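See below for the structure under consideration.
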Amino acid sequence: MSVQNPVNLRLPDGSVRTFDGPVTGTTLAADIGPGLLKAALAIKVNGEMWDLTREIEEDADVSIVTKRDTEDALDLLRHDCAHVMAEAVQELFPGTQVTIGPNIQDGFFYDFARDKPFTEDDLAVIEKRMHEIVARNEDITREVWDRDDAIAYFKKIGEHYKAEIISDLPEGEPITVYRQGEWLDLCRGPHLPSTGKLGDAFKLMKVAGAYWRGDSKNAMLTRIYGTCWTDKKELKAYLHRLEEAEKRDHRKLGREMDLFHLQEEAQGSVFWHPQGYTIWLQMEKYIRSRLQGAGYQEIKTPQLLDSKFWEQSGHWSKFRENMFVVPDEIPSTEEDAPIVSSDAKLMALKPMNCPAHVQVFKQGIKSYRDLPVRFAEFGCCHRNEAHGALHGLMRVRQMTQDDAHIFCREDQITSESVAFCDLLASVYRDLGFPEFKVLLATRPETRAGEDETWDKAEAALENALKETGLEYDFAPGEGAFYGPKLEFHLSDAIGRTWQCGTLQLDFVLPERLDASFVGEDGNKHRPVMLHRAILGTLERFIGIMIEHYAGRMPLWLAPTQAVVTPITSDADDYAKEVFASLEAAGLRAKLDLRNEKINYKVREHSHAKVPAILVVGGREAEQKTVSVRRLGSNDQTVSPLVDVVAALKAEAEMPSGKA
RNA sequence: GCUGCUGUAGCUCAGGGGUAGAGCACUCCCUUGGUAAGGGAGAGGUCGGAAGUUCAAAUCUUCUCAGCAGCACCA
């Protein structure tokens with residue numbers, strides 16, 4: 001044993017405590033005070049989280065982590081919770097192997113390998129045992145093991161996944177094992193000093209299958225999701241947030257508001273009802289007007305194209321498993337005969353619009369003076385998505401993209417990209433999504449084109465981003481095979497993010513499909529192609545809007561903008577007059593003359609999320625006024641009819657990017 | 001596509017080996033009521049589909065389809 005050197009620990013307030021030799025966080029906390037000792041969860045040593053029981057051997061800046069350090073505390077608690085769950089599972093279900101159990105947003109999961117997957121019923125049993133383990137207050141201790149010993153040990157006890165994880169750890173990485181009562185697990189740590197510190201603010205949420213290492217070729221494991229918070233109140237608040245999010249579910253609101261439906265004979269394709277299609281048409285109209293203002297020309301291209309066409313574009317080899325293939329043959333009507341012959345010529349429903357847009361570009365000779373050419377299409381595309389991927393409006397098989405392709409010269413890439421980013425930001429602002437993030441997705445491992453081209457393309461996109469002043473992050477290796485792209489992720493009202501917009505730089509397709517223009521020098525040149533979308537698809541974007549606004553669409557988008565209803569039938573004639581004024585002003589109004597009490601009608605139209613309910617009775621009829629009740633308000637204002645109509649009309653104006 | 005769960009009236013849901021129930025919605029009648037459900041009457045389903053077990057199945061078994069959650073994939 002060498003002579004011990006004193007250890008100086010500096011606390012956040014700047015004060016320094018000196019110890020004779022190596023000291024643990026627990027000792028330090030106790031030294032400061034019993035209250036802190038009790039509250040201590042871990043210690044930060046030079047900014048790194050350590051176990052309280054780990055000895056600090058050198059001078060350091062330290063701070064004791066307690067539940068007041070919410071972020072750090074939650075990291076610890078959630079990870080410990082995963083361990084306590086794993087201990088409970090292995091106690092209750094011997095023979096179950098543990099694999100990995102990381103923290104995720106709002107909680108954690110742990111993947112187990114077991115012949116029989118867990119069921120929802122098992123969760124209650126496991127949760128009960130977890131509370132028992134917390135009550136046992138088992139000490140949690142950290143041990144550093146030799147790599148080979150660790151592999152041998154985990155193999156011996158039948159934990160083959162753990163053994164595999166250790167084998168894959170880089171050489172030199174210390175192998176740490178945490179012992180928790182009788183149980184132990186390989187883990188990087190850090191952990192709480194004992195299971196008792198976990199408390200009781202946790203809940204197991206659901207079970208699901210998950211592939212080992214996220215690869216669908218590997219074994220399916222059984223995953224248990226849980227959530228964990230610093231106290232019961234936080235847990236309750238979280239569960240409440242989940243309930244609120246459920247209320248916004250566009251599938252539920254879509255039914256309640258009579259916007260659309262889906263049925264099994266047309267999986268993944270939407271039946272839009274009059275109310276829902278009104279939103280669609282408004283969105284289309286809006287985007288169309290913004291595109292016109294930005295120099296785009298709208299086109300329309302075919303749905304069904306010969307397989308040869310897709311072979312040429314490269315989709316046949318790269319994308320065919322997502323395409324709907326259709327035989328180009330008159331189906332047989334003979335009984336018992338096959339409907340189509342096996343050697344029928346094949347066509348396919350388009351999954352993307354880009355190759356068709358190139359065909360339009362290729363008609364006639366293009367001069368450099370013509371560029372940039374910007375072709376837009378509300379392109380209806382079909383993609384044969386996996387059944388398990390389908391989800392309401394968010395993931396469909398028939399989708400309509402607000403697609404456009406810009407054909408330009410290389411020297412125009414930056415200005416076109418900047419213009420697009422500006423347009424996109426302005427559209428998102430108009431639609432109520434001022435917040436969005438940008439990712440620059442760079443070259444993937446398998447890619448087409450020369451590295452020089454990629455250098456140029458990535459630099460061009462990055463320059464454009466710098467010019468817009470937008471903040472951005474990189475998504476290394478996430479680019480398309482033909483070029484880098486920008487991904488635009490917007491944030492909705494409850495903090496979720498959605499990737500909608502995209503801007504992709506493509507040097508490959510113009511080459512493959514032989515698009516060219518005549519340059520200043522009189523020679524043929526390849527145009528660069530920018531694939532871009534702002535909404536992504538109308539289906540999904542409308543789904544996002546429904547959830548973002550919880551069904552309470554802004555007036556210009558609301559399917560029904562106002563309902564006129566009389567107190568009693570005595571006011572029917574005046575109600576009709578009010579209704580006529582609204583219609584004359586171009587507003588989408590409904591007239592409700594039903595023989596129901598006003599309470600009933602107000603309730604019903606409020607549930608239907610009609611933005612304005614116009615109630616009229618004898619008083620209003622006499623004074624030519626209306627009583628307006630706005631959605632979300634519990635009272636109403638009486639104003640002259642002409643004023644109300646004018647105000648609603650102004651508010652219902654479609655945004656134009658100027659706001 | 002994979003794992004698990006679910007599938008009863010338009011919606012939400014109860015029931016459960018002997019031939020199906022509630023609330024809301026719907027239809028009709030009464031009520032003319034000042035801002036989130038006035039009262040009464042009535043009509044509506046063979047229990048996702050197929051096969052099997054049984055004297056008898058919506059209820060049990062198997063298969064299948066779809067929905068939901070997660071995974072994988074992805075706009």
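Because the structure is a prediction, the values reported are computed rather than measured. Below, all heavy atoms of this structure are taken into account, side chains as well, without hydrogens, waters or symmetry copies. Order of the sequence lines fixes the chain letters, A, B, ..., with proteins taken first and strands second; residue numbering starts at 1 for each chain.
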Candidates [options] - which lies nearest the side chain of [X]:
{"X": "S216(A)", "options": "rA72(B), rC73(B), rA36(B)", "result": "rA72(B)"}
{"X": "R395(A)", "options": "rC74(B), rC26(B), rC71(B)", "result": "rC74(B)"}
{"X": "K206(A)", "options": "rC5(B), rA69(B), rA36(B)", "result": "rA69(B)"}
{"X": "T537(A)", "options": "rA36(B), rA37(B), rA75(B)", "result": "rA75(B)"}
{"X": "N599(A)", "options": "rC71(B), rG34(B), rA36(B)", "result": "rA36(B)"}
{"X": "A389(A)", "options": "rC68(B), rG33(B), rC73(B)", "result": "rC73(B)"}
{"X": "M220(A)", "options": "rC2(B), rG38(B), rC5(B)", "result": "rC2(B)"}
{"X": "R619(A)", "options": "rG34(B), rA25(B), rA36(B)", "result": "rG34(B)"}
{"X": "T568(A)", "options": "rU32(B), rG1(B), rG70(B)", "result": "rU32(B)"}
{"X": "R603(A)", "options": "rA37(B), rU32(B), rG34(B)", "result": "rA37(B)"}

* Asked: Taking the six-membered ring for Trp, are the ring centroids of F93(A) and F112(A) within less than 6.0 Å of each other?
  -> no
For [N] and [M], measure between their [atom1] atoms and round to the nearest Å.
{"N": "rU19(B)", "M": "rC24(B)", "atom1": "C1'", "result": "28 Å"}
{"N": "rA75(B)", "M": "rA20(B)", "atom1": "C1'", "result": "45 Å"}
{"N": "rA58(B)", "M": "rG17(B)", "atom1": "P", "result": "13 Å"}
{"N": "rA69(B)", "M": "rA41(B)", "atom1": "C1'", "result": "44 Å"}

* Asked: Would you find more than 12 non-hydrogen atoms of other residues, nucleotides or ligands less than 6.0 Å from Q263(A) atom CD?
  -> yes
* In whole Å, what is the span from the CG atom of L221(A) to the P atom of rA69(B)? -> 22 Å
* Structure fact -> The Watson-Crick or G-U wobble partner of rG21(B), with both key distances under 3.5 Å, is rC13(B)
* With a 3.5 angstrom cut-off on both distances, give the Watson-Crick or G-U wobble partner of rA43(B), or none if there isn't one. => none
* To do: Please work out which of the three classes, parallel, tilted or perpendicular, describes the rings of F319(A) and H315(A), given edges at 30° and 60°.
  => perpendicular
* With under 30° as parallel and over 60° as perpendicular, where do the rings of F271(A) and H261(A) fit, or are they tilted in between? -> parallel
